[in-house]
Amino acid sequence: MIIAIDGPAGAGKSSVAKIIAKKLGLLYIDTGAMYRALTLKALEDKIDINDTARLIEISRRTQISLRNSPDGSLEVFLDGRDVSAKIRQPQITRFVSDVARVKEVREVMLGLQRELGQNGNAVLDGRDIGTVVFPGADKKFYIDADFKERVKRRHKELLATDSKITAVEVEADLSNRDKIDSTREFAPLKKAQDALYIDTTDMTIEEVVQRILLHIKNPK
Ligand code: DC
């Protein structure tokens, strides 16, 4: 079974997707982590983030792989190196949407994402899974929450690794990424017509998980 979970940053997609994958014994594919890994490489190689030609070039010669570790966490490898922690740094978050808007970069990631899901047993989370990557997915969900709530959640999450980050900074990042991700020309963030929309503003992660599991068993 292929399960597609899309939605904006901070809506709780990855926490939910990880739990669903574990419960159903499916592979968890965090597609945002792939764009993040490529952004890390671009920054390490000192590539100008507006230099589309160079971004395309590195996307074609970069190896990105994901591994679901037994404890349920996700490990991300860039050219064989574990970059799981590095790709969550604010510098990466700041530029990732600029990298992800390049059509040819998306084509490379699309190929990789389809390859990872080709055995048909995966939960993928991202922005364009239900619309572009797996339009024929067995189940599709669009996870959303009020902007203020998403800022609150993301701020709390980031404080665990960066005690100085402020809510104002998180708000600026989310609003910038929301704008770029949903207005870009290729594969913008959008709810697939046949996706179940879940507003998680007043829900706990466990409630969202239960809602999704119920829909998988009993689609209405
Ligand atoms: O889910 P995330 O915040 O880790 O994703 C990082 C960025 O990657 C996001 O702002 C947009 C981009 N992205 C994308 O364009 N398409 C996807 N399927 C997943 C992520």
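In listed order, ligands and their atoms are each counted from 1.
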Engineer: Is it the case that ligand 1 has an N or O less than 3.5 angstrom from some N or O of D181?
Structural biologist: yes

Engineer: Would you call D125-K18 a salt bridge at under 4.0 Å N-O?
Structural biologist: no

Engineer: Which protein non-hydrogen atom lies closest to atom 16 (N) of ligand 1, naming both residue and atom, and how far is it?
Structural biologist: R106 NH2, 3.0 Å

Engineer: Output yes when the distance from some N or O of ligand 1 to some N or O of R127 is under 3.5 Å, and no in every other case.
Structural biologist: yes

Engineer: Is atom CD of Q63 surrounded by more than 12 heavy atoms (other residues, nucleotides or ligands) closer than 6.0 Å?
Structural biologist: no

Engineer: For ligand 1, which part of R177 has a heavy atom less than 4.0 Å away: the side chain, the backbone, both, or neither?
Structural biologist: side chain

Engineer: Within a distance under 4.0 Å of any heavy atom of R184, pick out the atoms of ligand 1 and give their elements.
Structural biologist: 14 (C), 15 (O), 16 (N)

Engineer: Counting only heavy atoms from other residues, nucleotides and ligands, does the tally under 6.0 Å from CG of D45 exceed 12?
Structural biologist: yes

Engineer: With backbone taken as N, CA, C and O and side chain as the heavy atoms from C-beta onward, which portion of M109 lies under 4.0 Å from ligand 1: side chain, backbone, both, or neither?
Structural biologist: neither

Engineer: Which heavy atom of A42 sits nearest to which heavy atom of I49, and what is that distance?
Structural biologist: CB-CD1, 4.3 Å

Engineer: With atoms numbered from 1 as shown, which atoms in ligand 1 lie under 4.0 angstrom from a non-hydrogen atom of A100?
Structural biologist: 12 (C), 15 (O)

Engineer: Under 4.0 Å from a heavy atom of T31: give me the atoms of ligand 1 that qualify, with their elements.
Structural biologist: 17 (C), 18 (N), 19 (C)

Engineer: Distance under 4.0 Å to a non-hydrogen atom of S97: what atoms of ligand 1 satisfy this?
Structural biologist: 10 (O)

Engineer: With heavy-atom distances below 4.5 Å as the criterion, would you say the side chains of V208 and I143 are in contact?
Structural biologist: yes

Engineer: Decide whether an N or O pair under 3.5 Å exists between R36 and ligand 1.
Structural biologist: yes

Engineer: Show me which atoms of ligand 1 lie under 4.0 Å from any heavy atom of D128.
Structural biologist: 16 (N), 17 (C), 18 (N)

Engineer: Any N or O of R154 that comes nearer than 3.5 Å to an N or O of ligand 1?
Structural biologist: no

Engineer: Starting from atom 20 (C) of ligand 1, what is the nearest protein heavy atom, named by residue and atom, and what distance separates them?
Structural biologist: G32 CA, 3.5 Å

Engineer: Flag the pair K140 and D194 as a salt bridge only when some basic side-chain nitrogen lies within less than 4.0 angstrom of an acidic carboxylate oxygen.
Structural biologist: yes

Engineer: Pick one: which of R211, E149, R153, R150 meets side chain to side chain donor-acceptor pair (under 3.5 Å) with T200?
Structural biologist: R153

Engineer: If the threshold is 4.0 Å, N to carboxylate O, is there a salt bridge linking E44 and R81?
Structural biologist: yes

Engineer: Would a distance-only check, ignoring hydrogens and angles, find a side-chain to backbone donor-acceptor pair under 3.5 Å from R36 to R88?
Structural biologist: no

